[in-house]
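Worksheet: the structure to be examined is printed underneath.
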Protein chains: 2
Amino acid sequence: MSSPRRITLKDLAQHLGVSTASVSNAFNRPDQLSPKLREHILSEARRLGYRGPDAKARSLRTGRSQIVAVVLAESLTYSLNDAVASELLSGIAEVLDAHGHTLLLLSGRQDVSQMPGSSSIADGFIIYGLMPSLLLLDELPLPGQRPLVAVDFDLEGQPTVHVDDEPACHAIADHALATPPRRPAVINLRLTRHPCNARIAPDQELLPADRTITRSRLAGFHRAFAEHGIDPATVPMWNIEENTFDVCAPVIAEILDLPHEQRPDLLLCMSDRIALTVVTLAEQRGLRIPEDLRITGFDGIAEGQYRSPRLTTVRQDSVEKGRVAARMILGLEPMESRRLTTELLVGETCP
Amino acid sequence: MSSPRRITLKDLAQHLGVSTASVSNAFNRPDQLSPKLREHILSEARRLGYRGPDAKARSLRTGRSQIVAVVLAESLTYSLNDAVASELLSGIAEVLDAHGHTLLLLSGRQDVSQMPGSSSIADGFIIYGLMPSLLLLDELPLPGQRPLVAVDFDLEGQPTVHVDDEPACHAIADHALATPPRRPAVINLRLTRHPCNARIAPDQELLPADRTITRSRLAGFHRAFAEHGIDPATVPMWNIEENTFDVCAPVIAEILDLPHEQRPDLLLCMSDRIALTVVTLAEQRGLRIPEDLRITGFDGIAEGQYRSPRLTTVRQDSVEKGRVAARMILGLEPMESRRLTTELLVGETCP
DNA sequence: GGAGGTTTCTGTATCGATTTAGTTAGGAGT
DNA sequence: ACTCCTAACTAAATCGATACAGAAACCTCC
């Protein structure tokens with residue numbers, strides 16, 4: 001019946017009696033041929049069902065694919081359900097879209113070296129979050145020449161996008177400590193590359209923290225503690241392994257179920273998700289917020305601002321983080337590490 | 001200083017004094033050469049910083065890219081924040097990941113013909129939701145030979161994945177009507193390709209509904225109405241344009257603010273997002289649920305089951321929908337339209 | 001020792017475009 | 001009429017791999 005093979009640019013050129021160069025130019029460089037011929041080629045292409053130059057061949061020849069890969073440290077399932085990651089992706093997609101690029105999603109794997117080979121098709125890479133196995137850039141099975149930007153973690157000499165973590169955390173802790181707590185505590189997120197979902201000794205684990213972003217945030221808290229006459233080493237700290245309700249809940253339950261005289265009355269949380277889980281579990285236990293327990297978050301996700309009581313938190317613009325990263329990859333902005341500013345949102349959980 | 005150009009398979013072969021075929025085989029077909037040579041090639045490749053065969057060239061030659069494109073009808077920003085779409089993506093990603101494929105995300109555009117050319121790189125396509133401009137398959141600027149599956153809408157003779165919409169909606173309506181309402185009403189979602197965010201005449205708009213999935217759901221409702229002695233034509237119907245709080249809210253407010261004697265006492269909603277918005281706005285107005293107002297949803301998203309009052313709804317397994325679609329594309333499952341089963345969840349909003 | 005069968009390796013055509021350098025034709029200027 | 005310039009078009013090299021057909025080497029067995 002019909003041709004067994006897909007029609008190619010060459011077939012079309014032969015059929016029209018013109019060179020392949022002209023057909024190519026008809027699609028890519030209108031200035032290189034007469035409008036008349038161009039129109040003729042284009043209409044004949046349509047008639048024969050030629051859908052335009054093949055992306056695979058084109059990208060091989062030109063070296064560019066118009067595809068940007070986003071490597072997410074966590075699993076895709078997690079990332080798609082996380083408000084902050086979703087916002088980041090929105091921001092990235094917005095910019096890529098506006099410039100005719102598309103987004104290749106690579107889910108986090110325990111071992112970076114097992115990344116699918118097809119990922120090397122991308123023109124650039126945005127890496128989000130700490131890759132457990134990523135110690136050195138050389139381990140990345142990516143073509144070394146492509147632009148790469150890391151979001152929310154530091155990677156060798158690569159450009160990074162994050163927020164002013166230290167000042168932001170100093171500010172919110174400073175605000176929280178204005179009403180002096182008797183027993184402050186910190187609930188931490190992903191401190192090191194090693195899994196840990198429990199209480200940790202405050203000072204001891206701090207130095208080897210390879211999650212530099214979390215280290216900066218803790219530094220902000222600690223500076224505020226010191227300024228308010230609290231020895232940071234005396235502030236208890238818990239670590240949460242994954243930023244989800246299910247993983248948070250047991251650790252938080254453990255904290256809230258401490259004997260009354262040991263239970264913290266101020267909880268500085270590393271994320272809104274954690275803080276919201278604290279709110280939920282505290283309410284279940286009949287604790288009054290903020291009278292019995294004051295809570296702060298980090299991120300400024302929508303849910304925290306809709307729900308009652310409204311969360312006291314630091315708003316970071318994750319959509320903008322995505323935009324910036326994408327613009328760097330596309331070369332619309334210099335590839336230099338950037339820190340976006342944040343905003344202190346004083347809600348009802350810690351007035 | 002170092003080589004200006006990236007090292008290629010050919011360079012490596014020359015350097016080693018073997019053929020390019022052997023190097024290629026070392027990476028792709030271990031059985032085709034001696035373990036000794038293979039090891040030698042691989043280690044030398046590592047030493048010289050060769051990161052493996054270039055994906056662009058490989059995909060041109062083999063015709064496959066290990067990339068599956070997901071085309072989302074709505075904007076990416078919307079899709080990433082929608083629980084159902086996120087679940088679908090998780091399911092797709094899960095299967096693709098397990099089989100070494102990656103996911104190319106194409107955000108919805110008003111005009112399908114403007115899809116970026118790079119999309120033609122994909123081995124297959126999953127289309128989710130009604131594309132406003134997509135009337136005929138030929139309009140898709142995709143290589144015709146590639147597998148394509150549509151999720152949650154019907155497209156010509158293409159295979160489709162959705163759930164048993166009609167029976168599911170019949171079941172939940174039948175349950176809701178067990179307590180006979182005085183004034184039932186339906187809140188609809190995306191009925192036609194034309195935007196509409198307001199009340200609509202019940203019968204008139206039904207026939208041209210090109211959103212076949214919504215039409216099936218309505219048919220289920222109507223069958224139940226008829227069985228319970230209610231003339232479907234007398235049931236008022238509202239249409240929601242986008243499944244988000246902000247877009248729902250004004251329409252729902254309009255419904256709830258109707259004079260008491262006109263206000264519905266049973267609202268059958270096409271999605272949990274709509275139903276949850278009804279709950280929120282009804283509570284703000286001091287309406288008692290389910291005494292003053294009974295509400296049903298559709299989807300079975302997590303939020304609806306966590307929040308109080310628990311939603312009465314139909315649970316559909318969107319993750320599984322994604323898995324099925326992905327398995328079809330990968331050829332792990334026959335390319336035949338499938339309807340997944342659903343489950344009636346009786347919660348507190350309509351006991 | 002030679003026929004026959006494996007295993008291992010190589011030479012080269014090919015995938016489908018883009019692009020450079022170059023040819024041809026037509027027009028302008030003197 | 002001749003040179004020179006520009007516009008329109010083309011021939012062929014190239015991008016970086018894969019895979020086929022076939023050569024070479026190595027066994028095995030009568």
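Residue numbering restarts at 1 for every chain, and letters A, B, ... go by the order of the sequence lines.
- Regarding contacts with the backbone of D:dA17, every side-chain N or O of B:S24 stays at 4.0 angstrom or more from both OP1 and OP2.
- Note on B:L60: a base of the nucleic acid sits closer than 4.0 angstrom, heavy atoms only.
- Heavy-atom distances to DNA chain C give each of B:A57 and B:S22 a nearest nucleotide, and the one nearer the 5′ end belongs to B:S22.
- By the 4.0 Å N-to-carboxylate-O rule, A:K321 lies too far from A:E87 to be salt-bridged with it.
- Set against D:dT10, D:dA8, C:dC9, the side chain of B:L33 has C:dC9 as its closest nucleotide.
- Salt bridge absent: A:R6 and A:D11 never bring a charged side-chain N and a carboxylate O closer than 4.0 Å.
- Each of A:V23 and B:Q32 was assigned the nucleotide of DNA chain C with the nearest heavy atom; the assignment lying further toward the 5' end belongs to B:Q32.
- Between B:T62 and the phosphate of D:dA19, there is no side-chain N or O to OP1/OP2 separation shorter than 4.0 Å.
- Computed from coordinates, the B:D11 CG to D:dT14 P distance equals 14 Å when rounded to whole Å.
- When A:L48, A:V23, A:I7 are each tested for a side chain to side chain contact (heavy atoms under 4.5 Å, CB included) with A:H15, only one passes: A:L48.
- A salt bridge links A:R323 to A:E320: one of the charged nitrogens lies within less than 4.0 Å of a carboxylate oxygen.
- Side chains of A:D123 and A:S65: a donor-acceptor N/O pair is present below 3.5 angstrom, by distance only.
- Under 4.0 angstrom from either OP1 or OP2 of C:dT18 there lies at least one side-chain N or O belonging to A:N28.
- Between the CG atom of B:L37 and the P atom of D:dA25 there is a distance of 15 Å, rounded to whole Å.
- Per the geometry, NZ belonging to A:K56 stands 20 Å off C1' belonging to D:dT14, to the nearest Å.
- The base of C:dT14 sits with one of its N or O atoms less than 3.5 Å from a complementary donor or acceptor on the side chain of B:R61.
- Within the 4.0 Å cut-off from OP1 or OP2 of D:dT18, not a single side-chain nitrogen or oxygen of B:R29 is found.
- The CD1 atom of B:I7 sits 13 Å away from the C1' atom of D:dG16 (whole-angstrom rounding).
- Within the 4.0 Å cut-off from OP1 or OP2 of C:dG16, not a single side-chain nitrogen or oxygen of A:T8 is found.
- Between A:K10 atom NZ and D:dA13 atom P the separation is 13 Å, expressed in whole Å.
- Taking for each of B:G52 and A:T20 the nucleotide of DNA chain D with the nearest heavy atom, the 5'-most of the two is the partner of A:T20.
- Rounded to an integer number of Å, the gap from A:R64 CZ to D:dG16 C1' is 16 Å.
- A straight line from CG of B:L9 to C1' of C:dC15 spans 16 Å, rounded to a whole angstrom.
- Taking atom NZ of residue A:K36 and atom P of nucleotide C:dG26, one finds them 12 Å apart after rounding to whole Å.
- Between A:Y50 and C:dG16, a side-chain N or O to OP1/OP2 separation shorter than 4.0 Å is absent.
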